[in-house]
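One structure is given below, encoded as structure tokens.
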Amino acid sequence: MGYRKFIAYINAENELVSNVYELALSYANNNFDEIFIYNYSLRETDKEQLFEVTREINKEIDVPLILGLNVTCLEDVKKALYTGAVKVVMKAKILPDMGLIKEAADRFGKDSVMLEIEDYKEVYNDDFYDKYTGLGAGSVMLKHVEDSPKLTQALIDNKMPVYVRDSLVRHSINDVMELDVLGVITNYYERKNIMPVKRALRENGINVDIFESTMQFSEFKTNDQGLIPCVVQDYKNDEVLMLAYMNEEAFNKTIESGYMTYFSRSRNELWLKGETSGHYQFVKKVMVDCDKDTLLFKVKQLGAACHTGNRSCFYTKIAAKEYNETNPTLVFNEVFNVIMDRKANPKPGSYTNYLFDKGLDKILKKCGEEATEMVIAAKNPDSEELKYEMSDFLYHMMVLMVQCGLTWDDITRELTNRR
């Protein structure tokens, strides 16, 4: 078995959308492996609200989301997965037709389907594995189990991938994690950094995913004060945010907590980035240069990195030479931002505004025309023509994206999910 997962759960029923959103971001930043959001309400409006908040959450986090809802048809599963969720949880107790499990597994893959079982004692039945794999579920969620030798043996005997959902009021995390399960789903650690708990579990021999360095600080080349400079970049767009220094204690705290911690040369003390401002930095990747005398940290930045309130400390231009930007990510974002600005601030004579004024049908017509011209150009031996037609198509596609409320982040996240 691989890592046992720490999964946070959020009950979205009768909860403010803003609270669900903020709580999900907190769990993601506090080192949970996945997040399970559920609302089993029978009301269609609640279901649509669940889809909407999940889409918004997925724009901000890179932790896999699992969605639990009242599934009444295959379309519900499709809509749930289209929010960016990696799994859909079906509650056996309220399923109108158990055949929906197999339909969903056949259509979207069994790994996309989890079945929630109200009575965990079903795992004691000899046909537990055959019954639920026969239905098509890729995994099962058992709720509020009793820790006992009988349960331990039953989980070992069954080959069905099982998660345990528990509030950890009567059990310790150690007890539940020691069971033969894929992970624990809990709300016990709400708004708490889970990394110290994970490290304690690892020390007890339970294989959980922690942030760890392959090198010791003693292997780095430091200056006379025992400090090493750290370049900090945004983990998504590689924007350079700041430069700071670490000593051994700051480095170890950063690795142990997953929060960027530095050594202040002016105050001669450690400082946790964001402790007073709330502008925390969450570590995503650490690299060292060829001479081992500089560290590069890729982080998720909350708010501004600079004490002036600017996103980056490097906001003052002192010299520049004109050049054509050819970085695809920057070019696509720049063109996309211009199109968004045209929609928000119409400019007389703008072709982009002409398309927006004519509406969706006109935009779709142009996308179809450009796609056809691209296909025709591809049949010709000269790739130059194809280059122009592809550029035309990409431009009109971006107009369509803005019209329909999509961003490049939405597209890249979906492509990432398909890798």
>> Please tell me whether N310 and T308 have a donor and an acceptor in their side chains that are separated by less than 3.5 angstrom.
In response: yes

> Any sub-3.5 Å donor-acceptor pair from R4's side-chain atoms to M177's backbone N or O?
Replying inline: yes

> Does CZ in R265 sit with more than 12 non-hydrogen atoms of other residues, nucleotides or ligands closer than 6.0 Å?
Replying inline: no

> Is it the case that D157 and Q153 place a side-chain donor and acceptor less than 3.5 Å from each other?
Replying inline: yes

>> For D209, is there any backbone N or O sitting under 3.5 Å from a side-chain donor or acceptor partner on R202?
In response: no

> About how many Å separate NE2 of H279 and CG of L302, when rounded to the nearest 0.5 Å?
Replying inline: 8.0 Å

> Which is it for E52 and R55 under the salt bridge (charged side-chain N to carboxylate O under 4.0 Å, His left out) test, yes or no, and what are the steps along the way?
Replying inline: CA-CA 5 Å; E52 180 59 31; R55 279 191 290 268; 3.1 Å; yes

> Can you tell me if NZ on K91 sees more than 12 non-hydrogen neighbours from other groups inside 6.0 Å?
Replying inline: yes

> Is it true that D62 and K300 have a side-chain N and a carboxylate O under 4.0 angstrom from each other?
Replying inline: no

>> Run Y120 and V164 through side-chain contact (heavy atoms from CB on, under 4.5 Å) and show every step you take.
In response: CA-CA 9 Å; Y120 76 89; V164 168; over 6 Å; no

> To the nearest 0.5 Å, what is the distance between CG (N252) and CD (E249)?
Replying inline: 8.0 Å

> Below 4.0 angstrom, N of the basic side chain to O of the carboxylate: do K365 and E369 qualify?
Replying inline: yes

> Any donor and acceptor pair, going by atom type alone, linking the side chain of T222 with main-chain N or O of I228 inside 3.5 Å?
Replying inline: no

>> Parallel, tilted or perpendicular, judged at 30° and 60°: which one describes the rings of W271 and Y262?
In response: tilted

> Would you find more than 12 non-hydrogen atoms of other residues, nucleotides or ligands less than 6.0 Å from K221 atom NZ?
Replying inline: no

> Can you name the closest pair of heavy atoms from I101 and A137 and give their distance?
Replying inline: CG2-N, 3.6 Å

> Can a salt bridge be assigned to the pair E146 and R170 using a cut-off of 4.0 Å between side-chain N and carboxylate O?
Replying inline: yes

> Is the closest side-chain donor-acceptor distance between Y259 and N30 under 3.5 Å?
Replying inline: yes

> Under 3.5 Å, side chain of T372 to main-chain N/O of G368, donor-acceptor pair present?
Replying inline: yes

> Should we say atom NZ of K284 is surrounded by more than 12 heavy atoms from elsewhere, each under 6.0 Å from it?
Replying inline: yes

> Under 4.0 Å between a Lys/Arg side-chain N and an Asp/Glu carboxylate O for K143 and E116?
Replying inline: yes

> At what distance, to the nearest 0.5 angstrom, does CG of L364 lie from SG of C404?
Replying inline: 7.0 Å

> Does N125 reach the main-chain N or O of D127 with its side chain, forming a donor-acceptor pair under 3.5 Å?
Replying inline: no

> Around atom CE of M287, are there more than 12 heavy atoms of other residues, nucleotides or ligands at under 6.0 Å?
Replying inline: no

Enumerate donor-acceptor pairs with a distance under 3.5 Å from any side-chain N or O in residues 289-297 to protein atoms, sequence neighbours excluded.
unit_1, atom_1, unit_2, atom_2, d
D289, OD1, K292, N, 2.9
D289, OD1, D293, N, 2.9
D289, OD1, T294, N, 3.2

> Going from OG1 on T83 to CG on L65, what distance comes out if it is rounded to the nearest 0.5 angstrom?
Replying inline: 7.0 Å

>> Between K59 and E56, does any side-chain N to carboxylate O distance fall below 4.0 Å?
In response: yes

> Salt-bridged, R311 to D234, with N to O below 4.0 Å?
Replying inline: yes

> In terms of the angle between their ring planes, are Y9 and Y38 parallel, tilted or perpendicular, with boundaries placed at 30° and 60°?
Replying inline: tilted

>> Less than 4.5 Å apart, side chain to side chain, heavy atoms only: is that true for N187 and Y27?
In response: yes

> Are there more than 12 heavy atoms of other residues, nucleotides or ligands under 6.0 Å from atom CZ of F314?
Replying inline: yes

>> Over 60° means perpendicular and under 30° means parallel, so tell me whether F217 and F251 are parallel, tilted or perpendicular.
In response: tilted

> Between F36 and Y163, is the ring centre distance below 6.0 Å?
Replying inline: no

> So does E370 pair up with K366, basic N to acidic O under 4.0 Å?
Replying inline: yes

> Should we count OH of Y188 as having more than 12 external heavy atoms under 6.0 Å?
Replying inline: no

> For Y245, which residues count as a ring pair (Phe, Tyr, Trp, His ring centres under 6.0 Å) partner, sequence neighbours excluded?
Replying inline: none

> With distance as the sole test, does T254 use its side chain to make a donor-acceptor pair with the main-chain N or O of T261 at under 3.5 Å?
Replying inline: yes

> So W408 and F332, would you call those rings parallel, tilted or perpendicular, with 30° and 60° as cut-offs?
Replying inline: parallel

> Do you know which two heavy atoms are closest between N31 and N193, and how far apart they sit?
Replying inline: ND2-OD1, 2.7 Å

> Taking the six-membered ring of Y124 as reference, does the NZ or CZ atom of K150 fall below 6.0 Å from its centre and within a 45° cone about the axis?
Replying inline: yes

> Any salt bridge (Lys or Arg N to Asp or Glu O under 4.0 Å) pairs touching residues 77-88, not counting sequence neighbours?
Replying inline: E48-K79, E75-K78

>> If I take atom OG from residue S213 and atom CD from residue E219, how far apart are they, to the nearest 0.5 angstrom?
In response: 8.0 Å

> Rounded to the nearest 0.5 Å, what separation is found between the CG atom of L100 and the CE atom of M90?
Replying inline: 6.0 Å

